[in-house]
Amino acid sequence: MSKTDVLMTAPMMPIVIEALDEAFNLHRLWEHEDREQYLSEIGPRIRGVATSTLYGRMDAALFERLPNLEIVSSFGVGYDNVDVTEAAGRSIIVTNTPDVLNDEVADLTLGLLLATLRKIPQADRYLREGRWLEAPFPLSPTLRQRKIGIVGLGRIGKAIAKRLEGFDVSIAYHGRTRQEGVAYAYHPTLVGLAEACDVLVVITPGGASTKHLVNADVLKALGPNGVLINVARGSVVDERALIEALRSRTILTAGLDVYEDEPRVPQELIEMEQVVLLPHIASGSVHTRNAMGQLVADNLIAWFEGRGPLTPVSETPWNGLTKS
Ligand code: NDP
């Protein structure tokens, strides 16, 4: 029996390529200079796609070239790279890689929060530059007695909250809905949460519904002792408003893992000594990226073995019937 044709849009980790090579007839789009020509040749045969949040969009134009597509397996828990409305309209299942990265992202978030408040990267630079020989490192702000507001108390938000409990700080949250059985204070508006807290940790999905959720008004409400930590998506924070708020000391500082136009980071942020900037690494350990990669492959394998998708996104729920 001939193997099912699956398309990979950009190079993924060896663990994914090896698993898909074994199970399917894997087509590597990025290896072809004339992609349009290549898609014309193989497009109608393609029944599955492996893609990543990091590379390009899966949109109507691409779906149009793949008329027999059944499933898109996307690397990453965020899937703002895939037009899920368009996929749903075409009965294409979209899967992501939730849960396997919760702990890693939460660990990194705590690291970024502490690094930002206690100026860990700045202190490291200070020592290396030989400045400790001249004077002790200046005293830093603190996490002590802070009120932390989590914007998006989902799978990862809850893992962050669990860790924060060990730090004896107060925790509150904002989302579109109050959650049953959650003891943290709920704020129906983000400005309300920002007013009540002096740290905001942003961990919502990206995409149109959260674009610039954190705007100038929210930053003003956070106040001059306020700290913004963004590990969600760059689009969730109005970057221009953030730069202005940092410049004018409307807020104290920020720790960022994500940006509006990655991998380009505004020069204004790079030049600000008080902020801590990471290159989108929250899930980026070998252990966790391998687990995410395995789930990309497992979703495709499960689907084409007729077992259904393992982790379909909410916009393309599985009705129990496979097309296979
Ligand atoms: P979940 O779907 O479990 O949680 C998302 C949370 O966001 C929910 O609590 C939801 O609450 C809230 N939310 C959604 N839309 C809005 C909105 N418009 N306004 C306010 N709150 C909103 O997702 P995960 O916890 O698994 O992942 C969250 C996101 O983290 C991912 O989508 C991704 O963008 C980002 N991420 C970033 C990583 C990095 O490398 N920096 C790594 C992994 C994830 P409600 O429905 O009540 O509004």
Side-chain angles (χ1 to χ4, degrees), residues 52-55 74-82 84 94-113 115-116 149-163 171-182 184-194 197 200-215 217-218 228-238 254-260 262-263 265 276-289 291-293 295-296 311-317:
S52 160
T53 26
L54 304 175
Y55 307 106
S74 184
F75 183 93
V77 65
Y79 47 93
D80 30 321
N81 57 315
V82 182
V84 281
V94 178
T95 63
N96 63 344
T97 60
D99 288 319
V100 293
L101 42 54
N102 294 352
D103 288 335
E104 203 73 77
V105 177
D107 289 352
L108 192 282
T109 305
L110 264 295
L112 180 56
L113 174 61
T116 305
I150 298 179
V151 187
L153 192 71
R155 289 169 294 230
I156 301 172
K158 288 194 177 77
I160 293 169
K162 182 176 161 195
R163 282 156 177 74
I171 302 169
Y173 74 102
H174 165 71
R176 290 163 302 180
T177 45
R178 183 194 295 270
Q179 297 187 34
E180 293 293 320
V182 168
Y184 314 128
Y186 172 68
H187 292 264
T189 69
L190 181 48
V191 166
L193 180 73
C197 295
L200 282 185
V201 176
V202 186
I203 186 67
T204 62
S209 71
T210 54
K211 188 168 166 64
H212 291 185
L213 199 63
V214 177
N215 57 21
D217 291 342
V218 172
L228 179 77
I229 302 294
N230 186 12
V231 282
R233 285 285 181 268
S235 59
V236 185
V237 174
D238 180 343
L256 308 173
D257 185 45
V258 287
Y259 309 87
E260 285 205 65
E262 296 176 10
V265 176
V276 175
L277 305 174
L278 301 179
H280 200 149
I281 57 164
S283 68
S285 71
V286 175
H287 169 90
T288 294
R289 288 283 168 89
M292 293 162 67
L295 193 46
V296 168
T311 49
V313 303
S314 58
E315 294 87 343
T316 64

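Counting starts at 1 for both ligands and their atoms, following the listed order. This chain uses plain numbering: 1 for the first residue, then up along the sequence. The analysis underlying the following values was restricted to heavy atoms, covering all of them including side chains, and did not include hydrogens, waters or symmetry mates.
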Next on the checklist: Just to check, does Ala232 reach to within less than 4.0 Å of ligand 1 when the distance is taken from its heavy atoms?
Outcome noted: yes
Item to check | Protein contact of atom 27 (O) of ligand 1 - nearest heavy atom, named by residue and atom, plus distance | outcome: Ile156 CD1, 3.5 Å
Next on the checklist: Between Ser235 and Gly206 (side chain of the first, backbone of the second, donor and acceptor by atom type, cut-off under 3.5 Å), is there such a pair?
Outcome noted: no
Checklist entry - Can you check whether Val231 has an N/O within less than 3.5 Å of an N/O in ligand 1? => result yes
Checklist entry - Can you check whether Leu295 reaches Pro98 side chain to side chain, under 4.5 Å on heavy atoms? => result yes
Next on the checklist: Please compare Gly157, Gly175, Gly152 and report which has the shortest non-hydrogen distance to atom 6 (C) of ligand 1.
Outcome noted: Gly152
Checklist entry - Does the side chain of Met292 come within less than 4.5 Å of Leu101's, by heavy atoms? => result yes
Next on the checklist: Donor-acceptor check, side chain of Gln179 to backbone of Leu153, threshold 3.5 angstrom: yes or no?
Outcome noted: yes
Item to check | atom 4 (O) of ligand 1: nearest protein contact (heavy atom, Å) | outcome: Gly154 CA, 3.2 Å
Checklist entry - Val202 versus Thr210: any side-chain heavy-atom pair under 4.5 Å? => result no
Checklist outcome for this item: Only one of Ile229, Asn230, Leu228 passes side-chain contact (heavy atoms from CB on, under 4.5 Å) with Leu200, and that residue is Leu228
Item to check | Interfacing atoms of ligand 1 (cut-off 4.0 Å, heavy-atom, His280) | outcome: 39 (C), 40 (O), 41 (N)
Item to check | Distance filter under 4.0 Å to Ser209 heavy atoms, resulting ligand 1 atoms | outcome: 18 (N)
Item to check | Protein heavy atom at shortest distance from atom 32 (O) of ligand 1 | outcome: Pro205 CA, 3.2 Å
Next on the checklist: I'd like to check which ligand 1 atoms, numbered from 1 as shown, lie under 4.0 Å from a non-hydrogen atom of Thr210.
Outcome noted: 15 (N), 16 (C), 17 (C), 18 (N)
Checklist entry - Polar-atom distance check: Asp257 versus ligand 1, any N or O pair below 3.5 Å? => result yes
Next on the checklist: Taking the side chain as everything from C-beta on, heavy atoms only, tell me whether Tyr259 gets closer than 4.5 Å to His280.
Outcome noted: no
Checklist outcome for this item: For Val77, the ligand 1 atoms with a heavy-atom partner under 4.0 Å come out as 26 (O), 27 (O), 31 (C), 43 (C), 44 (C)
Checklist entry - Do Thr97 and Thr311 come within less than 4.5 Å of each other through their side chains, counting heavy atoms only? => result no
Checklist entry - Do the side chains of Arg289 and Ser283 get nearer than 4.5 Å, heavy atoms only? => result yes
Checklist entry - With a 4.5 Å heavy-atom cut-off, do Val77 and Arg155 have their side chains touching? => result yes
Checklist entry - Which residue and non-hydrogen atom of the protein lie closest to atom 22 (C) of ligand 1, and at what distance in Å? => result Thr204 CG2, 3.9 Å
Item to check | Glu260 vs His212 side-chain heavy atoms within contact, under 4.5 Å | outcome: yes
Checklist entry - How does Leu213 reach ligand 1, if at all, at less than 4.0 Å between non-hydrogen atoms: by side chain, backbone, both, or neither? => result side chain
Item to check | Arg233 and ligand 1 - part of the residue with a heavy-atom distance under 4.0 Å | outcome: side chain
Next on the checklist: Using heavy-atom distances only, which candidate in Arg176, Arg178, Met292 approaches atom 14 (C) of ligand 1 most closely?
Outcome noted: Arg176
Next on the checklist: Below a 4.0 angstrom heavy-atom separation, can you tell me which part of Leu153, side chain or backbone, both or neither, approaches ligand 1?
Outcome noted: backbone
Checklist entry - Taking NZ, NE, NH1 and NH2 as the nitrogens, is one of them in Asp103 or Lys162 under 4.0 Å from a carboxylate oxygen of the other? => result no
Item to check | Atoms of ligand 1, numbered as shown, that sit under 4.0 Å from any heavy atom of Ile203 | outcome: 28 (C), 30 (O), 35 (C)
Next on the checklist: Can you tell me which portion of Val105 lies within the under-4.0 Å heavy-atom range of ligand 1? Options are side chain, backbone, both, or neither.
Outcome noted: side chain
Checklist entry - Is it true that a side-chain atom of His187 and a backbone atom of His174 form a donor plus acceptor pair closer than 3.5 Å? => result no
Item to check | Region of Val258 that comes within reach of ligand 1 [heavy atoms, distance under 4.0 Å] | outcome: side chain
Checklist outcome for this item: Nearest non-hydrogen protein atom to atom 2 (O) of ligand 1, with distance, is Arg155 NH2, 3.6 Å
Item to check | Contacting atoms of ligand 1, where contact means under 4.0 angstrom from a heavy atom of Thr177 | outcome: 45 (P), 47 (O)
